[in-house]
Amino acid sequence: MLGFISRVFGDNPEKEIKSIQPLVERINGLESAASRLSDLELRDKTTELRGRFLAGESLDELLPDAFAVVREAARRTIGQRHYDVQLMGGIALHQGKIAEMRTGEGKTLVSTLPAYLNALAGKGVHVVTVNDYLAKRDRDWVGPIHEFLGLSVGAIQHDMDFRARREAYASDITYGTNNELGFDYLRDNMVWTAAEMVQRGLSFAVVDEIDNILVDEARTPLIISGQAEESTDQYVLFARVVPRLREEEDFTIDEKHRAISLTEEGTSRVERAVGVNNLYDPDNYEMAHYLDQALKAQLIYKRDRDYVVNDGEVVIVDEFTGRLMPGRRYGEGLHQAIEAKEGVRVQRENVTLATITFQNYFRMYEKLGGMTGTAMTERDEFRKIYNLEVVPIPTNRPMIRVDQADVIYKSEAGKFRAVVDEIKELHATGQPVLVGTISIEKSEELSGLLQREGIDHEVLNAKQHEREAGIIVQAGRPGAVTIATNMAGRGVDILLGGNPVGLAEAMVRRKFKAAEEEPPPEAVAAIEQEARELCERDHVKVVELGGLHIIGTERHEARRIDNQLRGRAGRQGDPGSSRFYISLEDDLMRRFGGERISGLMDKLGLDEDVPLEHGLVSKSIENAQQKVEAYNFDMRKHVVEYDDVMNKQREVIYADRRAVLGEDTLREMLLDWVDREVEALVTAYAGGRDDERDPSSIA
């Protein structure tokens with residue numbers, strides 16, 4: 001019935017693709033004419049298209065010509081031609097939708113199509129990435145396409161000064177991270193003069209990895225703060241008290257909701273330790289707050305999973321990508337409580353000067369489009385919160401990856417032994433393996449096990465975006481074993497047999513590392529040719545072995561993150577395989593429904609080294625993930641509803657502030673405010689009277 005309704009009323013991916021197909025055919029029909037143009041004539045097409053836009057034609061009407069121009073420019077500048085499915089993705093983005101495109105389908109190249117088309121309007125286009133490295137890489141890689149066509153291209157980097165930042169925003173197309181764009185928006189609304197502002201409005205944005213930015217990080221507020229004068233001694237006091245408390249006797253933990261409750265005995269123990277009669281007396285309300293944060297810091301937040309300690313500082317680990325987030329701090333005193341727990345210097349708390357969530361920042365754009373390999377599982381959220389539809393774009397070549405059934409073990413130790421055995425077996429054949437873990441701690445534990453077996457491998461804990469990209473791009477080489485925390489390396493495709501460009505660079509560095517002068521060009525060319533030939537031979541070898549094999553060492557609480565890990569294999573019709581290993585001691589299983597499976601394993605008499613493969617396993621895991629996804633969606637929905645109230649106030653204040661900055665004199669504005677206030681007062685006190693006497697004559 002639901003299928004019938006969706007077919008009739010349009011919630012049907014095939015219907016979306018069919019509606020896009022005629023446009024693709026029109027673009028293909030223009031390809032031959034575009035290929036006959038000289039470079040100068042092709043560049044002049046930009047002037048022609050802008051003229052047509054100013055003459056009244058809509059961007060929708062210009063789309064076929066604009067996309068044909070970009071496709072030809074891409075072929076001439078970077079040697080890549082957009083596939084038909086990439087044109088479909090570009091059309092969906094221009095229409096303000098999310099294009100779900102699997103790994104290896106060339107999303108970066110897809111973004112050039114709507115970016116160029118919308119830049120013709122002259123309002124500026126933002127292409128949003130998840131880190132500075134990708135923003136610079138994408139600008140350098142596809143920027144030449146736009147520059148060839150006469151458009152200016154900029155990239156925002158964290159360490160840019162005001163002049164460079166303003167210049168980048170003045171470009172027709174600007175690459176930058178969600179953090180930098182959001183913080184620049186807040187800073188622009190704190191300046192003293194209009195000349196200090198860097199952005200020029202929020203017209204159109206293409207958001208890469210849109211699920212990561214608008215779902216995973218949706219509740220993360222961007223905060224500009226100043227330091228408060230508050231003492232931090234209490235954090236240290238409670239960091240000493242909490243470890244003395246005993247579970248069950250003094251407190252209980254609800255793992256499902258990550259909540260801790262003190263028992264009466266526990267409350268009394270804390271009161272004696274800190275020297276107060278009643279912890280919850282109004283006079284002691286601050287102490288209750290310090291205790292709450294100390295309990296969370298000690299019992300819920302784990303080192304090397306939620307955060308790391310680097311050079312005496314507590315640095316948050318992004319739970320979805322496994323990347324470090326320097327400069328970010330937990331709010332409401334939690335960061336200070338963790339600092340006290342770890343024995344590092346407790347920094348003073350901050351006062352918020354300006355804040356906005358990613359949800360509300362990106363909803364301010366006049367038009368928003370997004371790309372990702374995994375969006376369908378969250379399409380209800382995208383529709384309800386952002387009014388964005390998800391369009392699943394077909395793959396350019398058939399997907400032939402084999403996703404094997406999950407296997408479950410009684411203990412984590414048994415699970416890791418099985419993982420190591422499979423890696424050892426595949427490594428011996430030369431088949432490359434990518435292993436996904438959910439924390440830095442688990443990565444290092446698995447790395448230690450592999451070292452004991454003498455298996456060479458790389459561990460990516462995402463300390464350097466550029467280094468991680470360089471390693472992950474070579475994860476498809478024969479015999480490569482790569483351990484990645486969650487989706488470390490997103491934005492980089494894994495080529496079977498290896499990436500010849502990266503391999504050539506490494507070979508040049510190795511050969512000429514002792515030489516102080518630049519290596520001779522002919523030597524570099526010879527090495528590049530050698531790398532290409534080597535990668536081609538290795539590609540054939542890896543394909544014969546079955547492609548890249550993905551091993552997941554734990555299920556994430558969101559199905560989408562598991563799908564992202566799987567999606568590293570099977571790009572562009574490549575072979576590949578995946579399997580998840582699970583134990584009853586994993587967080588997800590412990591929190592949701594592991595008891596039923598544990599009972600079944602006990603009945604069957606399975607020991608910790610014997611796995612269970614059963615439909616019940618997959619069903620239980622999927623049910624658990626759906627419960628967590630629904631809970632997290634509910635949380636994000638409440639946050640956006642709450643923030644909407646603040647957002648209305650923010651919009652009013654910021655609009656008035658911008659109006660003030662844009663005026664040479666405030667006389668007209670102040671008189672207008674006075675008129676409105678007088679009118680409101682007259683309406684309030686004289687409303688409904690029949691007389692129309694001159695107000696000056698009323699006593």
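The first residue in the sequence is number 1, and the count goes up from there.
The residues D403 and R566 are annotated as salt-bridged, a charged nitrogen and a carboxylate oxygen being separated by less than 4.0 angstrom. Using a cut-off of 4.0 Å between Lys/Arg side-chain N and Asp/Glu carboxylate O, R379 and E100 are scored as not salt-bridged. Using a cutoff of 4.0 Å between basic side-chain nitrogens and carboxylate oxygens, R383 and D380 are scored as salt-bridged. Salt bridge status for K136 with D140: present, with a side-chain N to carboxylate O gap under 4.0 Å. We find that E441 and R303 are not joined by a salt bridge, their nearest charged nitrogen and carboxylate oxygen being 4.0 Å or further apart. Here R329 pairs with E339 in a salt bridge; the nearest charged N to carboxylate O distance falls below 4.0 Å.
The structure places CG of L388 at 11.5 Å from CZ of F362, a figure rounded to the nearest 0.5 Å. The distance from atom CG of L496 to atom CG of D574, rounded to the nearest 0.5 Å, is 4.0 Å. One distance of note links CG of L93 with CE of M88; it measures 13.5 Å at 0.5 Å rounding. In this structure, I550 CD1 and S577 OG are separated by 8.0 Å, a value rounded to the nearest 0.5 Å. To the nearest 0.5 Å, atoms CG (N647) and CE (M364) are separated by 6.5 Å. Between the NE2 atom in H556 and the CG atom in D562 there is a gap of 7.5 Å [rounded to 0.5 Å].
With contacts defined as side-chain heavy-atom distances shorter than 4.5 Å, the pair I98/V391 does not qualify. Under the 4.5 Å side-chain criterion, counting only non-hydrogen atoms from C-beta, N131 is not in contact with N179. In this structure, the side chains of T395 and V85 stay at 4.5 Å or more apart for every pair of heavy atoms. Looking only at side-chain heavy atoms (C-beta outward), L63 and I91 come within less than 4.5 Å of each other. No side-chain heavy atom of T177 sits less than 4.5 Å from a side-chain heavy atom of H158. Under the 4.5 Å side-chain criterion, counting only non-hydrogen atoms from C-beta, R579 is not in contact with I551. You'll find the side chain of R165 reaches within 4.5 Å of the side chain of E180, heavy atoms only. Under the 4.5 Å side-chain criterion, counting only non-hydrogen atoms from C-beta, L446 is in contact with V419.
Under the 3.5 Å distance criterion, the side-chain polar atoms of H335 are matched with a main-chain donor or acceptor of Y330. Although no hydrogens or angles enter the test, the distance criterion places a donor-acceptor pair under 3.5 Å between the side chain of R650 and the main chain of T355. Using a distance-only test at 3.5 Å, with no hydrogens or angles considered, a donor-acceptor pair links the side chain of D306 to the main chain of K302. For N499 (side chain) and L495 (main-chain N/O), no donor-acceptor pair under 3.5 Å exists by modelled atom type. Judged by distance alone, the side chain of D172 and the main-chain N or O of S152 form a donor-acceptor pair under 3.5 Å. In this structure, E381 contributes its side chain and V215 its backbone to no donor-acceptor pair below 3.5 Å. Here the side chain of D304 pairs no donor or acceptor atom with the backbone of I440 at under 3.5 angstrom. Looking only at distances, no side-chain donor or acceptor of E16 sits under 3.5 Å from a matching main-chain atom of I393. The closest donor-acceptor contact from the side chain of R139 to the backbone of P144 lies at 3.5 Å or more, if one exists at all.
For the 3.5 Å distance criterion, the side chains of H126 and T174 fail to qualify, holding no donor opposite an acceptor. Under the 3.5 Å distance criterion, with hydrogens and angles disregarded, a donor-acceptor pair is assigned to the side chains of K367 and N118. Under the 3.5 Å distance criterion, with hydrogens and angles disregarded, no donor-acceptor pair is assigned to the side chains of Q564 and N212. There is a side-chain donor-acceptor pair under 3.5 Å between N360 and R363. A donor and an acceptor atom, one from each side chain of S447 and H457, are located under 3.5 Å apart. At a cut-off of 3.5 Å, with distance as the only test, no side-chain donor of D208 or T129 sits close to an acceptor on the other residue. With 3.5 Å as the limit, one finds no donor-acceptor pair spanning the side chains of R560 and N563. Using modelled atom types and a 3.5 Å distance limit, the side chains of Y307 and E342 yield a donor-acceptor pair. Using modelled atom types, one finds no donor on one side chain facing an acceptor on the other under 3.5 Å when comparing T553 with T437.
The one candidate from V433, L548, L434, V435 that meets the side chain to side chain contact (heavy atoms under 4.5 Å, CB included) condition with T482 is L434. If you run side-chain hydrogen bond (donor to acceptor under 3.5 Å, both in side chains) between T112 and each of Q86, Q80, H146, H82, only H82 comes through.
A pairwise comparison of heavy atoms in R401 and S578 identifies NE-OG, 4.5 Å as the closest pair. Contact detail for G89 and V110: the closest heavy-atom pair is C-CG1, 3.7 Å. When all heavy atoms of G552 and L565 are compared, the closest pair comes out as CA-CD2, 3.9 Å. The shortest non-hydrogen separation linking L503 to C535 is CD2-SG, 3.7 Å.
Residues Y116 and F67 keep their aromatic ring centres 6.0 Å or farther apart.
No cation-pi contact links R200 to Y169, judged by a cut-off of 6.0 Å to the six-membered ring centre and 45° from its axis.
In the displayed structure, K442 atom NZ is contacted under 6.0 Å by more than 12 heavy atoms of other residues, nucleotides or ligands. The environment of CG in N387 is sparse: at most 12 heavy-atom neighbours from other residues, nucleotides or ligands sit within 6.0 Å. Within 6.0 Å of CD on E196 lie more than 12 heavy atoms contributed by other residues, nucleotides or ligands.
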*Where do I156 and D184 land on the side chain to side chain contact (heavy atoms under 4.5 Å, CB included) test, with the steps shown first?*
CA-CA 10 Å; I156 302 294; D184 282 335; 4.2 Å; yes
_For a side chain to side chain contact (heavy atoms under 4.5 Å, CB included) check, start with the C-alpha distance between V317 and T485, then their side-chain angles and the critical distance, and finish with the verdict._
CA-CA 10 Å; V317 174; T485 305; 5.6 Å; no
*Worked check of side chain to side chain contact (heavy atoms under 4.5 Å, CB included) between L222 and T357*: CA-CA 6 Å; L222 293 171; T357 60; over 6 Å; no
_side chain to side chain contact (heavy atoms under 4.5 Å, CB included) assessment of L202 paired with E366_ = CA-CA 7 Å; L202 306 176; E366 293 171 29; over 6 Å; no
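Ring geometry for Y361 versus Y365: interplanar angle over 60°, hence perpendicular rather than tilted (30 to 60°).
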